[in-house]
Amino acid sequence: MSGKRHLYAALRRYLAFFLLMAFLITCCLELFLTQFSRATGIVFTEENIRLAAIYTFFNVLWLSLLCTAIDVVRRHYMVERPVRRIEAAARRIMAGDFSARVERTGPAGDFDDVIRYFDRMAEELAGVETLRTDFIANVSHELKTPLAVMQNYGAMLQQPGLTEAERVGYAKAITAASRRLADLVTNILKLDRLENQQIYPDKKTFDLGEQLCQCLVGFENTWEEKGIGIETDIADGVSIRSDPELLSLVWNNLFSNALKFTEP
C-alpha cells in the first residue's frame, strides 16, 4: 500500500513538472514570436531578432518571478507550516508533555505520513510513560511494605522482657519480610533483563501441578492471616516443557495479586 502511494505521488509530481515546463516553454515561444511579429511583421533580420529576444528575456524573467512567488506560497503551506507544527509538537514531547500531537490545520502534502507516524510515536511514548509511572508507584508501594514490617519487628525485638517464643516469632517475621523483599528485587531485575532481551528461557520438562502447589504454599502465611480458604483441584501428572523459574514468576504474581485484593 505504501509503495502504491509513493508511486502515485511520484507520477503526480512528474505530471505537475511536465505541465509547468510545457506551459513555460510554450509561453516563451509565443512571446518571442509575438514580439518579433509586432516589431518586424514577418521580416527576419538580425536587429529584429535581437529586439524580440530582449523582450522575450524580460517576459521569461517575469514568468520566473511569478513561478517563484507561486513556489514560495506552496512551500509555505505544504512544507514550512507542517514542519513548524512538527517542531512544536517535538518540543512539547522533549519537555515531558507526551499528550502533544501535530495539529492538522491544512494540507501537509508529503508530510502527511510523517505527521501520522509522529502522532503514533507520541501515543506509544505516552503509553510507555504511563506504564513507567505506574510501575514506579507499584514498586515503591511493594518495597515499603516489607521494609515497614522489618522496621516494626526490629523495634519490637529491642523491647526488654520478651519471651523466647516472642523473640523467635519476631525474628521469623523479619526473615519472611526480608525474603519477600529479596524476591521482589529479583523479579524486578528479571523483568528488566526480559525487557532488554538479555535473558532467554531455559526450557525443561517438569510437573505443572507440583509447581503450582509449591508456589501456592509460599503464600500460606498470607491466606492464614486474612482467613482465606483455599480449595484446589489440580490434576496429577501434567508435564509441560517450559522455563520453570520464569513460569513461577507468573504464578507468584497471580497468587500475590489474588490474595492481596481478596477481602478477609
Side-chain angles (χ1 to χ4, degrees), residues 1-35 52-141 187-200 253:
M1 194 67 180
S2 178
K4 291 182 178 179
R5 186 165 58 249
H6 289 308
L7 179 61
Y8 172 75
L11 291 175
R12 186 179 57 188
R13 286 193 294 267
Y14 169 76
L15 182 60
F17 182 75
F18 170 77
L19 292 176
L20 178 62
M21 293 301 297
F23 173 75
L24 289 176
I25 293 174
T26 302
C27 288
C28 292
L29 183 59
E30 182 66 23
L31 289 171
F32 178 81
L33 295 176
T34 299
Q35 294 297 333
I54 293 174
Y55 281 117
T56 302
F57 170 78
F58 285 104
N59 287 325
V60 171
L61 181 62
W62 178 83
L63 286 173
S64 301
L65 292 176
L66 178 62
C67 292
T68 301
I70 295 174
D71 184 65
V72 168
V73 175
R74 183 194 66 82
R75 287 182 58 84
H76 174 73
Y77 286 98
M78 304 297 290
V79 178
E80 294 178 1
R81 289 181 62 180
V83 168
R84 284 200 297 267
R85 295 200 301 269
I86 294 173
E87 288 178 349
R91 283 194 294 269
R92 290 176 58 188
I93 291 178
M94 291 173 61
D97 182 9
F98 294 99
S99 64
R101 300 293 184 273
V102 180
E103 298 181 5
R104 298 177 181 270
T105 58
D110 295 336
F111 286 91
D112 282 334
D113 289 341
V114 176
I115 292 174
R116 184 168 64 255
Y117 287 124
F118 184 93
D119 288 344
R120 188 180 303 174
M121 178 197 68
E123 292 176 1
E124 293 292 336
L125 288 175
V128 171
E129 179 64 15
T130 301
L131 289 175
R132 186 187 69 84
T133 303
D134 293 342
F135 176 78
I136 292 176
N138 292 331
V139 168
S140 299
H141 175 73
N187 290 345
I188 293 174
L189 294 176
K190 287 183 178 179
L191 178 62
D192 179 69
R193 293 176 63 189
L194 282 172
E195 290 292 332
N196 293 310
Q197 298 182 355
Q198 296 176 350
I199 187 171
Y200 301 95
N253 288 332

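Excluded from the calculations below are hydrogen atoms, water molecules and symmetry mates; all remaining heavy atoms, backbone and side chain alike, are included. Predicted, not measured: the structure shown is a model, and the values here were computed from it. This chain uses plain numbering: 1 for the first residue, then up along the sequence.
- Under the side chain to side chain donor-acceptor pair (under 3.5 Å) criterion, E129 pairs with R132, not counting sequence neighbours.
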N/O donor to acceptor pairs below 3.5 angstrom from side-chain atoms of residues 86-96, sequence neighbours left out:
{"unit_1": "R92", "atom_1": "NE", "unit_2": "D97", "atom_2": "OD2", "d": "3.1"}
{"unit_1": "R92", "atom_1": "NH2", "unit_2": "D97", "atom_2": "OD2", "d": "2.8"}

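- Here M121 contributes atom CE and F98 contributes atom CZ; the two are 9.5 Å apart, rounded to the nearest 0.5 Å.
- Here the CD atom belonging to E124 is positioned 8.5 Å from the CZ atom belonging to R120, to the nearest 0.5 angstrom.
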